[in-house]
Amino acid sequence: MTSKLSSLLSAIKPLQIIGETDKNITSLESDSRKVEKDAMFVAVKGISNDGHKYIPMVASAHVGAIVCEELPSTLEKGITYIKVADSAEALGRLASAWYGYPSSKLSLVGVTGTNGKTTTATLLYEMARLEGFKAGLLSTVCNYVGDRPVPATHTTPDPLSLNELLAEMVAEGCEYAFMEVSSHSTAQKRVAGLKFKGGIFTNLTRDHLDYHGTVENYMNAKKAFFDMLPPDAFALTNADDKCGMYMVQNTKAKVYTYSLRTDADFKGRVLETRLDGTLMTLNGREVEVQFTGRFNAYNLTDVFGASILSGFDPEEVIVNMSRLVPVAGRFQPFISKDGVAAIVDYAHTPDALINVLDTIREIVGADGEIITVVGAGGNRDHGKRPMMAQEAACRSDFLFLTSDNPRNEDPDSIIMMMKEGLSGDELNRTECITDRREAIRAAVRKAKPGAVVLVAGKGHETYQEVCGVRHHFDDREEVKEAFELR
């Protein structure tokens, strides 16, 4: 695959070009280890590394062009140097051009927010398929090119991988694509150059402050996605979230709202909640869905709205809402032979724990027993650790604090930070078991028939990351094994 340099440069706005532009480029790379002769290398400034320091090494490989924010002191003959204001944004736009602008050939809808991104994007993908269309999905759990699964490594892939996947969707005949848009991806300009048909905002609570520093920075990273939407796109926002209207205040897209509490373009209402489903209305139409809890009612209401805004038949959408099934590891129930229920959920923020535990309490009632197993990830926001423990403790009858991807931190230290959020009474109802497998088994042993055990934090994940190494671990498998040992 080759492309004219002059053609690629039409996708960006160079500040300065030194060298010939009428030449063929054989590949586009931001990883200096992958460059080859006649490639275009984009030097991106990252969090822990700066591609600019590899320019001399890349130049010695006889690349065709180098894109950078700062020109090197020595310019090698035969290489075209392109200076830009933001090389991360340039990479996104160049990646889109390299793969033939695939997003413009799809109805691409992005989903951003703290919680609900995976569920919303995945259900829209399934809705498109139920409506008879070929579609693609980019999500935390798994990417899909039509029916073909592609393992996911990031919530939002890097620009080259992202555009390559979108190009594969186009080649596969997909008409629609749905993707999660993380706050990291907007801050790092990974979605620059993409043309979106629509954007959805789910909600915003504290998360990723280890990266963004403040809630305001985190919020504005989410808002940046809506700021980039074109006038012919739709922006569907949660009118019940305090940040809902802020997200869309500067968007050029046509704004629509969804809500469970107030008047909106798309209105949901919960009539009855059970462990295996919910009876609700969507714009006044009654529908039985295979999801539990108000947080899922929000997800389903935005899916309903986005489906209609994407051009699907409203009557068919209502019928297909009842055919949608939950995403793996999102409020996924298991029942033991003697009547103990376990819920595996990805909840890993204070707000997500509140949502899940309030839903379980609504189902089991004031006298029902809830036992929660939860940890907090290593090398992430320390401030949310005591908050997570406190929210879990006050909504549970008993709490097990345990390990959850400690990464390069001491898991016992993480648990100690979580305990700081607990009162004396809550500590009396809490046990710390660092080994996650043993914590799950202890919770299941402690539960009486009719009780619900919540195993929170990992959801769909099939690994436990310790000292930078991933070991196989699946909460769903562990729950089933614990039931067998009861």
Side-chain angles (χ1 to χ4, degrees), residues 3 5 7-15 17 25 27-31 40-47 49-52 65-70 82-112 117 121 136 138 143 154-167 169-170 177-201 208 211-212 217-233 235 247-248 250-253:
S3 182
L5 176 56
S7 175
L8 291 172
L9 292 181
S10 66
I12 61 174
K13 296 178 180 178
L15 300 177
I17 299 174
I25 297 297
S27 65
L28 175 65
E29 298 291 351
S30 62
D31 186 338
M40 172 185 273
F41 173 70
V42 184
V44 177
K45 292 182 178 180
I47 299 301
N49 211 349
D50 185 351
H52 287 75
I66 294 175
V67 178
C68 53
E69 295 175 21
E70 301 165 7
I82 301 106
K83 184 178 180 180
V84 296
D86 187 329
S87 55
E89 180 170 351
L91 176 62
R93 296 186 180 282
L94 288 166
S96 182
W98 180 260
Y99 285 101
Y101 301 97
S103 63
S104 65
K105 300 167 186 174
L106 296 159
S107 287
L108 177 63
V109 176
V111 187
T112 196
K117 296 188 298 296
L138 295 162
N143 302 319
H154 293 80
T155 299
T156 310
D158 67 87
L160 288 165
S161 301
L162 175 53
N163 279 277
E164 183 178 14
L165 283 166
L166 292 173
M169 292 175 193
V170 172
F178 304 96
M179 66 177 288
E180 297 182 50
V181 179
S182 68
S183 56
H184 292 72
S185 73
T186 51
Q188 296 170 8
K189 312 293 177 66
R190 288 186 227 158
V191 293
L194 298 187
K195 186 180 189 306
F196 285 90
K197 170 76 173 179
I200 304 166
F201 172 69
H208 300 305
Y211 178 82
H212 295 288
N217 289 343
Y218 175 53
M219 176 175 63
N220 286 328
K222 298 286 188 188
K223 180 179 177 293
F225 169 59
F226 294 94
D227 292 348
M228 68 173 280
L229 293 178
D232 59 349
M247 288 290 148
V248 296
N250 298 118
T251 189
K252 300 180 187 69

For Ser10 against Tyr101, the heavy-atom pair lying closest together: OG-OH, 4.4 Å
Tested for side-chain contact (heavy atoms from CB on, under 4.5 Å) against Met179, the lone hit among Val109, Asn143, Leu165, Leu162 is Leu162
For the residue pair Val181 and Ser185, what are the closest heavy atoms and their distance? CG1-OG, 3.6 Å
Between Ala43 and Ser87, the two heavy atoms sitting closest are O-OG, 2.7 Å
When rounded to the nearest 0.5 angstrom, what is the spacing between CG in Leu166 and OH in Tyr99? 11.0 Å
Please report the C-alpha distance between Val67 and Met40 in whole Å, then the side-chain angles of each, then the deciding distance to 0.1 Å, and finally whether the side-chain contact (heavy atoms from CB on, under 4.5 Å) criterion is met. CA-CA 7 Å; Val67 178; Met40 172 185 273; 4.0 Å; yes
Residue pair Thr186 / Phe225: nearest heavy atoms and the distance that separates them: CG2-CB, 3.8 Å
Using 0.5 Å steps for rounding, measure from the CZ atom of Phe178 to the CG atom of Leu106. 10.0 Å
Any residue meeting side chain to side chain contact (heavy atoms under 4.5 Å, CB included) with Ala253, in chain and number order, not counting sequence neighbours: Leu229, Ala233, Ala235, Thr251
Report the distance from atom CD of Glu69 to atom CG of Asp50, rounding to the nearest 0.5 Å. 8.0 Å
Mark yes or no for whether Lys13, through its side chain, and Ala85, through its backbone, hold a donor-acceptor pair below 3.5 Å. no
Taken to the nearest 0.5 Å, the spacing of Lys222 NZ from Asn217 CG works out to 13.5 Å
Assess whether a salt bridge exists between Glu70 and Lys45, defined as any Lys/Arg side-chain N lying under 4.0 Å from an Asp/Glu carboxylate O. yes
Are the side chains of Met169 and Leu138 in contact, using a 4.5 Å heavy-atom criterion? yes
For Lys195 versus Pro230, what's the shortest heavy-atom pair and its separation? NZ-CG, 4.5 Å
Got a second to check how far Ser182's OG is from Lys117's NZ, nearest 0.5 Å? 7.0 Å
Measure the shortest side-chain to side-chain distance between Asp31 and Leu160 over non-hydrogen atoms and say whether it is less than 4.5 angstrom. no
Compare every heavy atom of Asn163 with every heavy atom of Ser96, then report the nearest pair and how far apart it is. CA-OD1, 3.2 Å
So, taking the atom named CG in Asp158 and the one named CZ in Arg190, what distance separates them when rounded to the nearest 0.5 Å? 7.5 Å
Do the non-hydrogen side-chain atoms of Glu89 and Val84 ever get within less than 4.5 Å of each other? no
